[in-house]
Amino acid sequence: MALKTEHMTLNMGPQHPSTHGVLRLEVELEGEIIKSVQPHIGYLHRCFEKHAEAMTYPQVIPYVDRMDYLAAMYNEFGYAVAVEKLLGIQVPERVEYIRVIMGEFQRIASHLVAVGTYGLDIGAFTPFLFCFRDRERIINLFEMTCGARMLYNYIWVGGLSHDLHPDFVRNAKEFVSYFKPKVKELNDLLSYNRIFIDRTANVGILPLETAINYGISGPNLRGSGFEWDIRKDDTYSVYNKFDFDIPVGKGLQGTVGDCWDRYYIRIQEMGESLKIIEQALEQLPEGDVTSAIPKRIKPPVGQVYSRVENPKGELGYFIISNGSPNPFRVKVKGPSFVHLGIMNELCKGHMIADVIAILGSIDIVLGEVDR
Amino acid sequence: MKNIQEIFDILKEKFGDSILELLTTLPVESFITIAPKKINEVCLFMRDNEELKFNSLMCLSGVDDANGKQVKDENGAVKIEGSTLSVYYHLESTEFRHKVTLKSSAPKENPEVESVALIWHHADWHEREAWDLVGIKFLNHPDLRRILMPYDWEAGHPLQKDYKNPEFYHGMKVPY
């Protein structure tokens with residue numbers, strides 16, 4: 001016998017613990033089944049792109065920090081790479097290595113938050129505490145390097161604001177050997193937990209064709225089984241000097257491209273980042289990190305679209321220069337903004353409780369969605 | 001893998017006058033300019049053609065070119081007249097690994113560009129953003145609403161170069 005259902009519109013957010021910020025989802029329900037999800041964004045909008053037009057090129061960097069505030073180091077990295085392409089300058093080897101080390105530490109920190117809060121959303125409280133305990137150590141390393149814990153202004157166009165602290169390499173190596181076994185601990189705690197698998201496997205399946213058409217990138221695209229990583233496929237900085245693998249979704253617990261696959265990619269990527277950091281620390285060359293910073297940044301008339309592999313996906317900067325010290329236009333393609341656009345496609349036909357599981361698995365940061 | 005000249009030749013042969021020019025003089029990035037009312041046909045061809053297969057749209061950006069004349073109105077506010085608004089499309093083929101940039105410009109008085117949101121769903125939100133912030137109207141877009149600004153924002157499109165903040169929004173003072 002079919003149960004009588006009722007059509008209902010439900011507003012989830014803007015204040016909701018599992019939306020990871022101020023996001024409103026307008027959910028159309030038929031009983032408990034989702035008919036459509038309409039995200040309403042813009043609650044954090046401060047028009048960074050308009051601000052950038054009034055700033056000189058180096059002054060934009062602190063604004064860039066505040067987009068994806070969980071991966072600020074990588075936002076700076078991407079911006080610096082884009083402006084350097086526009087200027088046509090090379091930066092010293094040591095700068096590139098330090099950037100890669102910082103970027104990969106940031107990737108681990110960002111994935112730890114993603115994984116920890118994902119568990120929290122689904123009802124596992126303990127992994128969250130474990131993740132934040134480990135993330136704290138990475139943040140201490142950043143604090144030691146540049147004095148700030150979340151918003152760094154460390155990577156500059158053409159160089160870095162400071163050289164490394166004399167103890168940095170020792171502490172970083174200590175962290176690597178400390179964190180290696182923790183990945184297994186996290187697997188035991190969460191990844192292979194029966195309840196967690198039941199909530200995430202075979203939920204929110206994202207087929208590869210759909211993913212590419214929607215512009216999905218990063219761990220979410222790799223979760224759908226496509227080996228695509230800008231660090232390898234459109235390489236930048238010194239990533240071609242390191243040996244690392246690109247984990248892809250294999251449908252170990254259910255179907256390829258489900259929430260569990262996307263989650264597990266992040267766990268595996270933390271291990272790969274450790275590999276890169278280890279190699280970079282070994283090979284770290286000597287040199288001056290501020291020597292290549294231009295005194296006046298005034299790129300020639302032209303434009304560039306440059307992209308890097310942010311922890312959350314493809315972070316692209318489209319910069320137009322008209323020859324003045326201020327950028328004429330800065331457009332940011334943020335992975336979170338793009339990924340949120342697929343919510344409707346992923347949620348249709350699922351139960352209401354799965355919205356939280358799906359939203360957590362695509363890992364968004366509202367600071368970047370709204371910019 | 002094809003370079004931009006080969007792609008330009010293929011498009012020129014197929015679409016003729018709709019493909020306006022290929023600009024390679026700027027440093028770093030070259031682009032192909034396409035007529036705004038034909039951009040959807042060109043993009044559909046580029047996605048489905050066996051030699052091109054641009055299956056992924058990396059980025060879509062709206063830009064106010066501000067290439068017109070500065071005029072002062074009676075209140076002393078500066079307006080830019082006769083300029084164009086442009087859309088840049090960055091396309092990529094994940095199979096052949098080639099990339100290309102397209103540009104389409106429309107006059108600011110009537111900024112109408114055909115939508116590509118049904119060709120790449122990725123373009124949906126980016127076109128809404130370009131409408132919201134730059135003010136480009138995308139024809140045949142499935143749902144062209146504001147996205148980042150409030151739905152009832154009446155003061156115009158903030159990324160236009162001559163945009164002025166309103167004094168009040170719903171009785172709240174805007175400049176802080």
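Residue numbers begin at 1 in each chain, while the letters A, B, ... track the order of the sequences.
- Looking at A:Val338 and B:His126, their side chains come closer than 4.5 Å, going by heavy atoms from C-beta outward.
- Options B:Asp132, B:Thr94, B:Asp64 differ in how many heavy-atom pairs under 4.5 Å they form with chain A, and the most are formed by B:Thr94.
- The backbone N or O of B:Leu57 lies less than 3.5 Å from no partner atom in the side chain of A:Asn213, so there is not a single donor-acceptor pair.
- To the nearest 0.5 angstrom, B:Ser86 atom OG is 8.0 Å from A:Ile320 atom CD1.
- Contacts of B:Thr101 with chain A are absent, with no heavy-atom separation under 4.5 Å from either backbone or side chain.
- For chain A, no part of B:Asp124 is nearby; none of its heavy atoms comes within less than 4.5 Å.
- Taking non-hydrogen atoms and a 4.5 Å limit, the residue list of residues 322-332 of chain A in contact with chain B, ordered by number, reads A:Phe328, A:Arg329, A:Lys331.
- Atom CD of B:Glu109 is surrounded by more than 12 heavy atoms from other residues, nucleotides or ligands within 6.0 Å.
- Using a 4.5 Å cut-off between heavy atoms, A:Gln303 contacts chain B through both its backbone and its side chain.
- Atom CZ of B:Arg145 sits in a crowded spot, with more than 12 heavy atoms from other residues, nucleotides or ligands closer than 6.0 Å.
- With a 4.5 Å cut-off on side-chain heavy atoms, A:Ile342 and B:His121 do not count as touching.
- Residues A:Lys333 and B:His122 have side chains in contact (heavy-atom distance under 4.5 Å, counting atoms from C-beta outward).
- More than 12 heavy atoms of other residues, nucleotides or ligands lie within 6.0 Å of CD in A:Glu26, so this atom counts as buried by the packing criterion.
- Interface check for chain B: of the options A:Leu86, A:Ile216, A:Leu340, A:Thr210, the most heavy-atom pairs under 4.5 Å are formed by A:Leu340.
- Of the atoms belonging to A:Phe318, it is side-chain heavy atoms, and not backbone ones, that fall under 4.5 Å from chain B.
- Ranked by non-hydrogen atom pairs under 4.5 Å with chain A, the options B:Pro150, B:Ser30, B:Ala66, B:Ser61 are led by B:Ser61.
- Under a cut-off of 6.0 angstrom, the local environment of NZ in B:Lys12 is crowded, with over 12 non-hydrogen atoms contributed by other residues, nucleotides or ligands.
- Taking non-hydrogen atoms and a 4.5 Å limit, the residue list of residues 38-50 of chain A in contact with chain B, ordered by number, reads A:Gln38, A:Pro39, A:His40, A:Ile41, A:Gly42, A:His45, A:Cys47, A:Glu49, A:Lys50.
- Contact check for A:Tyr305 versus B:Lys99: no side-chain heavy atoms found under the 4.5 Å cut-off.
- Neither the backbone nor the side chain of B:Arg146 comes within contact range of chain A; no heavy atom of the residue lies under 4.5 Å from a heavy atom of that chain.
- Ranked by non-hydrogen atom pairs under 4.5 Å with chain A, the options B:His90, B:Met149, B:Glu92 are led by B:His90.
- A salt bridge links B:Lys161 to A:Glu53: at least one charged side-chain nitrogen sits closer than 4.0 Å to a carboxylate oxygen.
- For a residue to count as touching a neighbouring chain, one of its non-hydrogen atoms must lie under 4.5 Å from one of that chain's; by this rule B:Leu133 touches chain A with the side chain only.
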